[in-house]
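See below for the structure under consideration.
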Amino acid sequence: MERVQQLLIESSDQGTLSKVLYKNNLLHYVLEPPWRNNKPNESCIPGGIYTCVWHRSPKYGFVYQITDVPLRDLILRHWGNFGGDLHKGLKSNTLGCSLLGKSYGYLWNGKQLQRAVLNSRSAVDEFHTFMNKQSFILEVNRNA
């Protein structure tokens, strides 16, 4: 089974940003909510090793699901731009899932510039093509 490493870049109220490098040098960025003690619907997942499986979501269609996360379920890797803390007035396209992008930067959230992953839908399509619907092992490293 393919092994994919996700390495932390930084975490703030605007989200937890990581990079993922695959064996053929394909690079994507991941944005999740900030670390909130693994609280469902508010936090990024903790560092660890997880199995990711092809899954049909009613909202996102076929995407990867990150399984075996302690105290959490239905964590998907899908498209979206923002991963901010909703309690602090920031925008989020995720309630604990993992957003893929080809790059990262800042987008206007309606009130201010906010960290975001960019070209997300094309990154998700590219990732799905690369993984060919095969399960994989995700190793999440939260040490910067």
Side-chain angles (χ1 to χ4, degrees), residues 1-36 38-69 71-142:
M1 202 177 314
E2 183 80 28
R3 191 175 197 90
V4 174
Q5 286 195 319
Q6 181 174 313
L7 305 170
L8 177 70
I9 295 175
E10 71 174 30
S11 187
S12 73
D13 290 338
Q14 294 194 15
T16 299
L17 181 68
S18 303
K19 64 182 173 182
V20 179
L21 182 63
Y22 311 102
K23 69 179 180 181
N24 71 343
N25 294 326
L26 175 65
L27 174 69
H28 285 134
Y29 294 91
V30 174
L31 189 62
E32 300 170 86
W35 175 248
R36 299 296 184 252
N38 197 33
K39 189 172 182 181
N41 301 319
E42 292 185 28
S43 182
C44 63
I45 63 174
I49 298 175
Y50 307 103
T51 301
C52 297
V53 297
W54 194 239
H55 170 81
R56 187 179 188 288
S57 159
K59 184 174 182 178
Y60 298 103
F62 283 99
V63 293
Y64 279 97
Q65 178 181 352
I66 303 169
T67 66
D68 305 321
V69 178
L71 307 173
R72 305 268 298 276
D73 61 359
L74 288 176
I75 300 170
L76 307 177
R77 183 155 275 189
H78 62 80
W79 50 265
N81 299 112
F82 297 106
D85 187 327
L86 292 170
H87 298 294
K88 298 200 174 182
L90 295 166
K91 188 169 182 176
S92 184
N93 300 124
T94 175
L95 295 175
C97 291
S98 180
L99 308 175
L100 276 180
K102 286 190 163 199
S103 60
Y104 67 94
Y106 291 85
L107 292 173
W108 185 254
N109 70 8
K111 297 185 241 177
Q112 64 187 12
L113 286 176
Q114 183 179 324
R115 178 177 301 276
V117 287
L118 310 173
N119 301 306
S120 185
R121 287 181 195 253
S122 61
V124 169
D125 290 345
E126 188 175 64
F127 181 69
H128 290 175
T129 298
F130 176 75
M131 295 307 297
N132 196 29
K133 304 176 188 171
Q134 299 299 305
S135 297
F136 65 95
I137 301 297
L138 177 65
E139 185 176 327
V140 177
N141 183 337
R142 294 288 182 217

Under 3.5 Å, which donor-acceptor pairs do the side chains of residues 61-68 form with other protein atoms, sequence neighbours left out?
| residue | atom | partner | partner atom | Å |
| --- | --- | --- | --- | --- |
| Tyr64 | OH | Lys133 | N | 3.2 |
| Tyr64 | OH | Gln134 | N | 3.1 |
| Tyr64 | OH | Gln134 | O | 2.9 |
| Gln65 | OE1 | His55 | ND1 | 3.1 |
| Thr67 | OG1 | Thr51 | O | 2.7 |

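Remark: Glu126 engages Leu26, His28, Lys102 in a side-chain contact (heavy atoms from CB on, under 4.5 Å) (not counting sequence neighbours). Evaluation of the side-chain contact (heavy atoms from CB on, under 4.5 Å) rule for Ile49 yields Arg3, Ile137, Glu139 as partners, not counting sequence neighbours.
Residues Trp79 and Ser122 fail the side-chain proximity criterion, which asks for heavy atoms closer than 4.5 Å. At least one side-chain heavy atom of Ile45 sits under 4.5 Å from a side-chain heavy atom of Ile75. Looking at Val140 and Tyr50, their side chains come closer than 4.5 Å, going by heavy atoms from C-beta outward. Looking at heavy atoms from C-beta onward, Trp108 lies in side-chain contact with Leu113 at the 4.5 angstrom threshold. Put simply, the side chain of Glu42 does not reach to within 4.5 Å of the side chain of Asp85, judged on heavy atoms.
A salt bridge is defined here as a Lys NZ or Arg NE, NH1 or NH2 lying under 4.0 Å from an Asp or Glu carboxylate O, and Arg142 with Glu32 meets this definition.
Not a single donor-acceptor pair under 3.5 Å links the side chain of Asn109 to the backbone N or O of Gln114. A distance-only check finds a donor-acceptor pair linking the side chain of Arg72 to the backbone of Ser43 [under 3.5 Å]. Although no hydrogens or angles enter the test, the distance criterion places no donor-acceptor pair under 3.5 Å between the side chain of Asn119 and the main chain of Gly101.
For the atom pair NZ of Lys19 and CD1 of Ile9, the computed distance is 6.0 Å after rounding to the nearest 0.5 Å. Here the straight-line distance linking atom OG of Ser92 with atom NE2 of His87 works out to 10.5 Å at 0.5 Å rounding. To the nearest 0.5 Å, atoms CG (Leu27) and CG (Leu21) are separated by 6.0 Å. Distance check, rounded to the nearest 0.5 Å: CG of Leu99 to CG of Leu76 gives 10.5 Å. Atom OG of residue Ser120 and atom CG of residue Asp125 lie 9.5 Å apart, to the nearest 0.5 angstrom. In this structure, Asn38 CG and Cys44 SG are separated by 8.0 Å, a value rounded to the nearest 0.5 Å.
Results of the side-chain contact (heavy atoms from CB on, under 4.5 Å) test with Ser18 over Glu10, Gln5, Gln6 single out Gln6 as the only residue that passes.
For the residue pair Gln14 and Gln112, no side-chain donor N or O sits within less than 3.5 Å of a side-chain acceptor on the partner.
Ring centers of Phe136 and Phe127: under 6.0 Å apart, within the cut-off.
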